[in-house]
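What follows is one structure encoded as structure tokens, with my remarks underneath.
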Amino acid sequence: MKILDGQLVSRATKDELKIKVAQLVTEGKKIPHLAAVLVGNNGASETYVGAKVKSCEEIGFKSTLVRLEENISENKLLSVIEDLNNDPDIDGILVQLPLPKHISDEKVINAIHPSKDVDGFHPINVGKMVQGLDTFIPATPYGIMLMLEYYKINTKGLHAVVIGRSNIVGRPMSILLSRSGQPGNCTVTLTHSHTRNLKELCESADIIVAALGIPEFVKGDMVKDGAIVIDVGITRVPDPSKKSGFALKGDVDFAEVSPKCSFITPVPGGVGPMTIAALMKNTFKACVDKN
Ligand code: NAD
């Protein structure tokens, strides 16, 4: 069993970007600038946004954190996005999800200009991704693809079972793995909460991508020997032994599953850091595509 080390690959990806940014500076060109919008003060969202801003600093990007009150109106948030769309210095805009219940995720995502949509959630960018055109790929699935590429894992012809069909992880992941290319060329089964024979499907999978948000859902008896297991889940579970009061759990029972795998991502230190690295790549792309 080999660990797919998200920290390592993320570091390598960010180091590459750092060199490219230094090159932009040398050439007197514009430096990528990411605007992150955080509504309210959800603890996990604070952590994710903080990590994204910190990564910008490490690489040499500019970043702007726009903090807004939990009770901001939908219209006010849309006008903040419009201002960011119209600001020529801002290359990429991300709105940290989830948003408060009174605000429509869909309206907000659709308000971001597709050329600044570094999360790749805008319908125009999703459509391009489906067609295999050049675009922003949603950061988590993109990060997983980068990791498969880094470890030179040949996915051609493999059966991939993706658990979870959200627009931000499961569905785009299923599309990317089924697309022509490497990584890709998989036969993909996209599963969800209504799937009846999930265990049997998983047993036949060469690749399992678990993105359902239920800690340690994937057990050893669901995984065949030699499978590649990508654990996207991050759930905070109470743990009084930790200073923070919680531990992070993946969707895979690592102790049971890892001995059977050829490759597996740990939680933390797997998909999480790769999501940030992929977001940084999208932000760089947003900047250089403009020039
Ligand atoms: P979501 O809640 O939007 O979607 C969950 C999906 O899982 C749904 O499609 C649902 O049908 C499916 N599902 C639920 N129960 C199921 C079951 N018993 N069997 C099969 N499918 C089932 O979640 P999401 O936003 O896609 O996130 C999933 C997990 O990934 C969460 O733990 C989230 O925190 C984590 N996540 C991690 C990263 C990262 O960077 N590592 C990024 C995004 C999300």
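Each residue takes its place number in the sequence, starting with 1. Here the structure is a predicted model, which means the values were calculated and not measured. Both ligands and their constituent atoms are indexed starting at 1 by order of listing.
Heavy atoms of I234 found under 4.0 angstrom from ligand 1 belong to the backbone as well as the side chain. At a heavy-atom cutoff of 4.0 Å, ligand 1 is contacted by both the backbone and the side chain of V232. For I168, every heavy-atom contact with ligand 1 shorter than 4.0 Å involves the side chain, none the backbone. Residue contacts with ligand 1, taken as heavy atom pairs separated by less than 4.0 Å, involve I214 solely via side-chain atoms from C-beta onward.
In the vicinity of G164, heavy-atom distances shorter than 4.0 Å reach the ligand 1 atoms 6 (C), 7 (O), 9 (O), 12 (C). Near T275, the atoms of ligand 1 lying under 4.0 angstrom from a non-hydrogen atom of the residue are 39 (C), 40 (O). Atoms of ligand 1 lying under 4.0 Å from any heavy atom of G272, numbered from 1 in the order shown and given with element: 40 (O), 41 (N). The F217 neighbourhood of ligand 1 comprises atoms 18 (N), 19 (N), with distances under 4.0 Å to a heavy atom of that residue. Under a 4.0 Å criterion applied to the non-hydrogen atoms of H192, ligand 1 contributes the atoms 11 (O), 19 (N), 20 (C), 21 (N), 22 (C). Near I163, the atoms of ligand 1 lying under 4.0 angstrom from a non-hydrogen atom of the residue are 20 (C), 21 (N).
In terms of polar-atom proximity, defined here as any N/O pair under 3.5 Å, R165 does make such a contact with ligand 1.
Taking CZ of R11 as the reference point, atom NZ of K14 lies at 5.0 Å (rounded to 0.5 Å). Separating the CD1 atom in I109 from the CG atom in D117 is a distance of 8.0 Å, to the nearest 0.5 Å.
Looking at every heavy atom in both residues, G213 comes nearest to D251 through N-OD2, 2.8 Å. Shortest non-hydrogen contact noted between M147 and D5 is SD-C, 4.4 Å. Closest of all the heavy-atom pairs between V267 and K249 is CG1-C, 3.9 Å. Residue T265 comes nearest to D231 through the heavy atom pair OG1-N, 2.8 Å, listed as atom of the first residue, atom of the second, then distance. V229 and C261 make their closest contact through CG2-SG, 3.5 Å (heavy atoms, listed as atom of the first residue, atom of the second, distance).
Using a 4.5 Å cut-off on side-chain heavy atoms (C-beta onward), V53 and F61 make no contact.
Ranked by closest heavy atom to atom 22 (C) of ligand 1, the top entry among S193, G213, P268 is S193. Taking only non-hydrogen atoms, the option from L190, I144, T140, L212 nearest to atom 13 (N) of ligand 1 is L212. If you check each of S166, A51, A278 against atom 4 (O) of ligand 1, the one with the closest non-hydrogen atom is S166. For atom 43 (C) of ligand 1, the candidate residues are I276, L198, D251, V169; the nearest heavy-atom contact is made by V169.
Contact annotation for atom 18 (N) of ligand 1: protein present (non-hydrogen atoms, distance under 4.0 Å).
Criterion: ILVMFWY side-chain heavy atoms under 4.5 Å apart, direct or through other members. Under it, V95 and V118 are not part of a common hydrophobic cluster.
Distance alone, capped at 3.5 Å, places no donor-acceptor pair between the H102 side chain and the S73 backbone.
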